[in-house]
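Each chain gets a letter, A, B and so on, in the order its sequence line appears, and its residues count up from 1.
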Amino acid sequence: MFGKRLIEYVIAFMALIILNFVMPRLMPGDPIDAIYGNELVALTPELREQLRAQYLLDQSIWSQFLHYLYSIASGDLGYSYAGKAPVIDIVAGALPWTILLVGTALFGAITIALFLGIESGWRRGERLDRYLFAIFSIINGIPGFFIGMILIIIFALNLKVLPAGGAITHYAGYTGSEYAIDVARHLILPATALCVSELSWIYLLMRGGIISVINEPFIKTGMLKGLDDRTIRYRYAARNALLPVFTRIGIQISQIVAGILIIEAVFTYPGIGYLLHDALLTRDLPLIQGILLIVTISVLAINFTMDILYPRIDPRIRHV
Amino acid sequence: MLEINDLTLQYTADFVESGIIRVLDGISFYLKKGESIGIIGESGSGKTSLGMAVMGLSGGEVSGEIRFGGVNLLDLTDEEMRVVRWNRISMVMQNTGNVLNPAYTVEEQITEPITKHGLDSKIGAQERASLLLREVGLDSDKLNAYPVELSGGERQQVLIAMALANDPELIIMDEPTASLDVLTRRRILGLLDRIKEERSLLVISHDASTVASLENLIVLYSGRVMEAGKTDLLLKDPRHPYTRDLLRAHPFMDTTKDLQGIRGKMPTLYDLPTGCRFSTRCTQKIAICEERPPELTGCRVRGEDGSQDGDGGTYRRIACHRGGIHTLLQVNSLNKEYQNRSRNRSRTVAALNDISFELQVGEIVALVGATGCGKSTLAKVVTRIFKPDSGEIFYDGEEIHAIDAKRFHKDVQMIFQDPLDAVNTRFHVLKIVREPLEIQGKIEKQEMIRKVKHTLDEINLPSDDIFLKKYPHQLSGGELQRVTIARALITDPKLLIADEPTAYLDPSVQAKILKLLMRMQNTRGMTMLFITHDIALARKVSDRIFVMREGDLVEQGVSSDVIYSPKHVYTKELVYGAEGAAGYIYKSIRS
Amino acid sequence: MYKIQRKTIAAMLLLIMAVSATAAAGADMIRIADPSGDYGYPTPHGHYSRGSGYIQMSLIFDTLVWKDADGFVPALADEWSYDENENAYTFNLNMDAKWTDGTDFTAEDVRFTIEYFKEYPYLWADLASVETCEVVDDNTVKILLKELYAPFITEIAGSMPILPEHVWKEVDDPANFVDERALIGTGPYMLEDYSREHSSYLYHANHKYYRGEPKFEKVVFIKAKDGQVVLQNGDADMAPVKPEAIETLEQNGFTAVYGSCFWNHKLMINHHKEPFNRTEFRQALAYGINRTELVEKAGRGYGSQASLGFLPPESDWYTDDQPAYAHNPEKARELLESLGYQLIDGVYEKDGEKLQLELVIIAKETKLAEILKMQLTELGIPTTVKALELTTLDSQVKNWNFDIALSRHGLLKADPKTLINLLQGNTSWSARYFENEELNDKLEEQLHEMDKNKRMEIVHEIQKLCAKDLPAIALYYPDYYYAANDKTKWYFTKEGIANGLRLPLNKLSLVRDSGELASPRTEGDAPEESRTSESASATETPMLPAPVVLLFIFVVYLLRR
Amino acid sequence: MYKPLILRSRGATIGLTLIVLIFLIAAFAPFICWFDPWDYSSTPLQRPSSVHPLGTNAIGQDILSELMYGARTSLTFGLSVSAISLLLSVLIGVYAGISGGIIESILMRITDVAIAIPSIVVIILVAAYLQPNLFQLILILSLLSWQYGARTFYAQTLSLKQRGYISAARNFGAGNGYLTVKHLIPDLYPIMLAGFIIRARYAIFMEAGLAIIGIFDPTTKSLGLLMHHAMEFAYMGTWLWWLLPPGILLALTILGFSLVGYYFEETIDLRHRSMSSGRF
């Protein structure tokens, strides 16, 4: 079964690679223009020749493709002429910040959302549930950037307690704990915005999950066993509602990616998302391709890991 | 040990007019230490809610008392109740797919209540879990299995093992044998027998055979106790119409009669009848039944030999305004003699010789005997066609000759052997069928035709004008017999006497007519005296069988008893002699 | 359990308070913010080709001459002269200049730089016109030109960074030379840190700078999406802002730095295609388009109408003796009708064929395009707008596969050489117009006319021809606003920095004496400014603890319950 | 008085009311607005006034009119994407389910692969190269969002196939076409309806998301684009009447669709749901 899933992921990956490969070649004019065409980059004839040779544009489409595969395999994602650096280096510089932001926000979002979702679903119809459900239903419709901007307007622009963007205070000479606090200060707003916008749908998912298991007989069994409420809520209801919720989170990883993209752009947070946003604005196509490739690999890897882990977590899947 | 007094459970619901759904209503019973008790009833009767109420998990408003070990469980706080659960009372939920937490292994689920209640360490609990599994007959390698890996029977065993985990004094089991195959079911029942030796057991089931081995039985209907008592007595001789109907619907191995459902539907919980809950389906209801619900009181019990005998009511209680299944027809010491005038010698022949019996509301009694044994005479005496020489016949408590003729014949109708003989061949169908109504009078013509059509529809005859205008010779034997049945049914009789109604019909038509009669009996809740010479036929249709021989009623009893353990020599002859014939009939019905 | 939750929340809030309370401040430091931020490694071959990249590099590497708000000022060369006979420029170099590794700066370095850039071309200094460079003595170099070349001082002497020979002579891959030694220059600042992922630069002062101690100990460039936010937040001292933000910022003690006419929105016309190949038609378009309205709407009033000879009125080279094409629909109609078009139901038709244009744009210019579309449609030329991806647009324009297109470019106030790029260059924003022989000749001629007045005349002629032929229609010049606090005085450089960069980030603002030289302050200014800054901080101080107090009250409330 | 079932649920009633209101705004935008949203004749960047209740944008267009027309585009986009992708889902899912054999395995493998592909990546990639117009964007998004639905309909078809009346119809000699048209599709209507609502919500949200990062046909007016333009001036105090209203309208639209969607999800017991009800 994993074999089959793996093959699917490989096919999906190949499909994206092919798309990456074909798009510039489908564009009108010279693919070099499509790949590097940018009014701000002066392409000298020599450079153009050099690039043509580099991309084997004078050779058959197949050898071009094989070469393309080879360069990807060897970690060469192309060269950003706007950024004057290999794409892989640029991406590598931004990746840790994204991981920090996404890690904090998603950890927060998932923990809080699951907690609230469980408590709210368990108390379905009670006041707490009604309020939470109403609040998060509304937040669910608000785009993340919107939340971000409002946070900026309140906390950065008016109250001036937190920075409006960036990841660190540049050259403030902080070291050690000062540096950590500085990073944390910069992290608070974007992480909160991302957290809140992801929180809402995970909460709704979790609440729905709890509601769908709350009438299952094993919940009654748990109560009959004289277990305390919390054990039943977490070991019985949540544990069983969680698994489908996690699959859904896996499915909706695209949404998370989009959320990151937007939040990083709003907060000029120097991660992959902002990089992509900038690359889109400057049409730095090698960089766009490279980032998307990295994103694809990450998403596929996460999904595949979840696929592998899932049966280990859920005995129901294992024996179907 | 467990004493339940006037337990009432109701839920508020805003979608109901009354705002209240009453699930349990005034339940009282007690269970002594070490005793076992079964609760049966159709689904929706409140059985499971009763179990949940005892466990304190029914939700809703609970009133009354649930005394366990002297303490009213309803007075306990949640925390205190939590300690009672599983430690002192455990419950085996109905074995559905998700009754076990799918995310944990069997071992984790068995040990969980032990460790959570702080009874033992984790290791100790694990040892106990493996012990328990062996006790319920499972390999201990199932400990590491997840619920999805278990078969239905194994799951039931695990559930029971789990219920035993904290060594409770009382175990409540909800449908422990539902949806199990025969062998597994036997294994589980065996397990129940072992368990009830050590602790108290309350088994909830819709299946009477599951609770057959328990000491006491309670019959629950729409949240009220209908009947309660010793299990063996109750199963053999149900006194409440509901109990009887429930058992009739249940396929016991030794049942001879075809299965019959209980007519009508159970009332919905938010729209309960004000009177007796069973009144909407009862075949013997009277005015008071619809006015107020009956109390659960002691009742008389019929002895092994069919004689009446009273029991103080401790072990046998019943909730029925009419004191249980009502006797519709009571015949006491009936005698009738014929003067047989042949060859100038007049001989007195005893056609009926000191006949006594009872017919109860809603039952089918087959009167079996050879030709000339006095069956038809008895029928005619009972229907007031002949007068008996001596003896009394009470219909619904009244001496039949004192009853107004029209009223009597409205209630007591008869179907005759030879349909062609029994109808006026100049009459067409409409006339034939409406004749009793015309005789009864007081009815509009249109209403009469409507009733005729309705009755014909009921017995699957065409009701169009062409058919109504047909004459008896235009009809087949089966059709004609149906017409006579329609004629008999049109006055809504309470007692139907069918005198060899299928004697002139070929087997396949006979089968259809019999099915029809049984269906009509069931839906209309009639009492039927079915007269036949064929004991095999009697076995299939009747609740009880009377055997007659030369004017004597030699044996009467529950059909299965009569068939499987005939007591009278003549009965034995009939039964053994009929085996071949029965086989023949069986085959012809199938073909 | 609820107690625990309350405590957790309270603890988190306390943490936020603690974290919020620490605020950053720098004393002898100036922070400059910009939305794009990253400009590459600040060496000639390492920086991004965009103008901002050049600015970064210019802090480290000095050129021979430089410009301030009023024109050329000495840099590495104290003085310079042109010898007509030899067609050569002679530069007397500043002898105090030293490389930051301590080595003396000599004439050899200049010669080496020219040779090096000939081998490894540098986008910002086209050395095609230079024949050779002779070292006269340690302080003097003479640069001989191949032909007469008017833009020499601007384009080469004023733009070419001088490299240290002793470092670069071994370097054969300058783009990837990111050694510390690559950062040895003669400029006022030295790079301390460059972070690509944060798009930030940190420079510290070169205390041995030959033109005096730099004004700031540290200079920081950071990336910020919105200039107003970082300024108001105190995270930057200088940033580009929206014109509308100026008022608010000025109330907060910031000064506006304003520049216009450096940048141009332009309508490209496919003059290879019917009917656009007809001058009258193009003129009709020019009359039909209400450029005042474009300034008012698309530029929200912050900008000025473009002149159709391309050079803006603020340029020294501008002439007003050219057709202005003031908005005149009647005239446009006249011209169209002269071409045989008839207005039927509000749409011009010729030979039964309705006029219908497609305006191709990139997404960013939607608003401008919307207005143009409405104007043309109203005139009787129904126009549709199609947004394309930039490369596709460029490709279509280059292949003459379009009707009209929106384009944009800068370098307007630079040396008139820019006209050649605009009219005959090979870029997608060039009109590539070769039809007019006279224009072709004049363009060539001005490049080699060393006499500024004569050259001026030729350039005026060119503008007239342009405005008549209209190979493309310049629409309007948006204004550029920056805001800064009073740490230093910023200005837009005359004719733009180096080749005409439209940024107010002249490094002279960061060097004390030259900055003061360039814009001497009046006596009354200083106290006023200090007062504003005081009042600004006075209003800000109570703002800081307010939320902290609120949070604290909330925490107390939570714990008490 | 008869009350439709859906109106007995408070959430669904609120949701339905919201959707109807927004539909009315969108449908009657040309009659409600007293400004042409393309008309730039007013002074740019005005504050709200009685003439311009939400002020004007950077080129002097009336923001309220833009908002109403924007709702139009957003709804059109959402509903079109929803309809097309639903059609694809049903076609592929039902066809795979009813055909069986090689067609089934091929189609479902394709579906699984499509599920594995992160759609946002494809959209950005394609948009970066093509700058698609409204119609193309609808197509692209539809082509990228059918897969989850296809799984659901496939599973539903499989379970429906087991039903007696399908076997009975087969016994009477019904072919796949007949079964699909007469039995399967009508049986799937409720799920299709729920799917349609869920998808529409997703597409409307997606429109906003894409427009905000600059991937949307800029020649149209949509809620997302309105916000995209508003963001540029957000920090100048204009956000209150420029950024907030489209944000709120979007949130309300999504909320409306969500509430109705929840109602359907709860009503139709989607036990074998693999359908993504999410936004992306």
Side-chain angles (χ1 to χ4, degrees), chain C residues 35 224-233 239 241-249 290 293-303 358-375 377-378 383-396 406 478 481, chain D residues 35-47 55-63 65-66 69-70 124-137 210-222 224-226 228-239 242-243:
Chain C
K225 192 148 184 103
D226 194 288
Q228 188 190 356
V229 174
V230 280
L231 288 175
Q232 276 184 285
N233 222 8
V241 292
K242 286 194 187 53
E244 288 84 357
I246 288 297
E247 201 182 325
T248 323
L249 285 166
N290 184 347
E293 193 174 70
L294 293 184
V295 175
E296 287 309 315
K297 300 295 177 184
R300 306 192 298 282
Y302 299 97
E358 187 180 69
L359 171 62
V360 288
I361 58 161
I362 57 167
K364 268 189 272 185
E365 284 166 337
T366 318
K367 294 288 171 197
L368 177 55
E370 277 173 24
I371 300 172
L372 266 178
K373 170 190 162 176
M374 301 280 275
Q375 288 185 352
T377 310
E378 208 169 301
T383 306
T384 54
V385 177
K386 190 164 127 197
L388 292 175
E389 199 280 314
L390 181 70
T391 40
T392 317
L393 177 78
D394 283 354
S395 159
Q396 287 194 5
L406 275 179
Y481 280 88
Chain D
F35 281 101
D36 177 357
W38 308 95
D39 170 31
Y40 48 85
S41 57
S42 313
T43 318
L45 294 178
Q46 282 185 55
R47 302 175 69 85
T56 56
N57 72 4
I59 61 168
Q61 295 167 335
D62 181 55
I63 293 176
S65 310
E66 277 196 297
Y69 275 80
I124 293 177
L125 194 65
V126 172
Y129 280 104
L130 294 182
Q131 185 78 53
N133 63 26
L134 185 62
F135 177 68
Q136 291 164 328
L137 212 55
L210 289 177
I212 285 155
I213 53 174
I215 303 176
F216 198 74
D217 186 350
T219 58
T220 57
K221 286 199 184 298
S222 76
L225 279 174
L226 193 54
H228 177 69
H229 293 305
M231 266 172 85
E232 207 184 324
F233 296 89
Y235 301 122
M236 289 186 6
T238 60
W239 67 281
W242 193 357
L243 183 61

By ring pair (Phe, Tyr, Trp, His ring centres under 6.0 Å), D:Y69 pairs with (sequence neighbours left out) none
So, the part of D:H228 with a heavy atom under 4.5 Å from chain C: the answer is neither
Tell me, please, which residues at least two apart from D:F35 pass ring pair (Phe, Tyr, Trp, His ring centres under 6.0 Å).
D:H52
With only heavy atoms counted, which part of C:E247 is less than 4.5 Å from chain D, the side chain, the backbone, both or neither?
neither
Is C:K242 reaching over with its side chain to a backbone N or O of D:E232, donor-acceptor style, under 3.5 angstrom?
yes
Those residues of residues 361-371 of chain C that come under 4.5 Å of chain D on a heavy-atom basis, listed by number, are C:A363, C:T366, C:K367, C:E370, C:I371
Could you report the tightest heavy-atom contact between C:M374 and D:W38, atom names first, then the distance?
CE-O, 3.5 Å
Just jot down the side chain to side chain donor-acceptor pair (under 3.5 Å) partners of D:T219, sequence neighbours excluded, or say none.
D:D217
Please classify the contact of C:V385 with chain D as side chain, backbone, both or neither, using a heavy-atom distance under 4.5 Å.
both
Can you establish whether the number of heavy atoms outside D:Q136 located under 6.0 Å from its atom CD is more than 12?
yes
With only heavy atoms counted, which part of C:Q228 is less than 4.5 Å from chain D, the side chain, the backbone, both or neither?
side chain
Rounded to the nearest 0.5 Å, the NZ atom of C:K297 sits from the OG1 atom of D:T56 at a distance of 7.5 Å
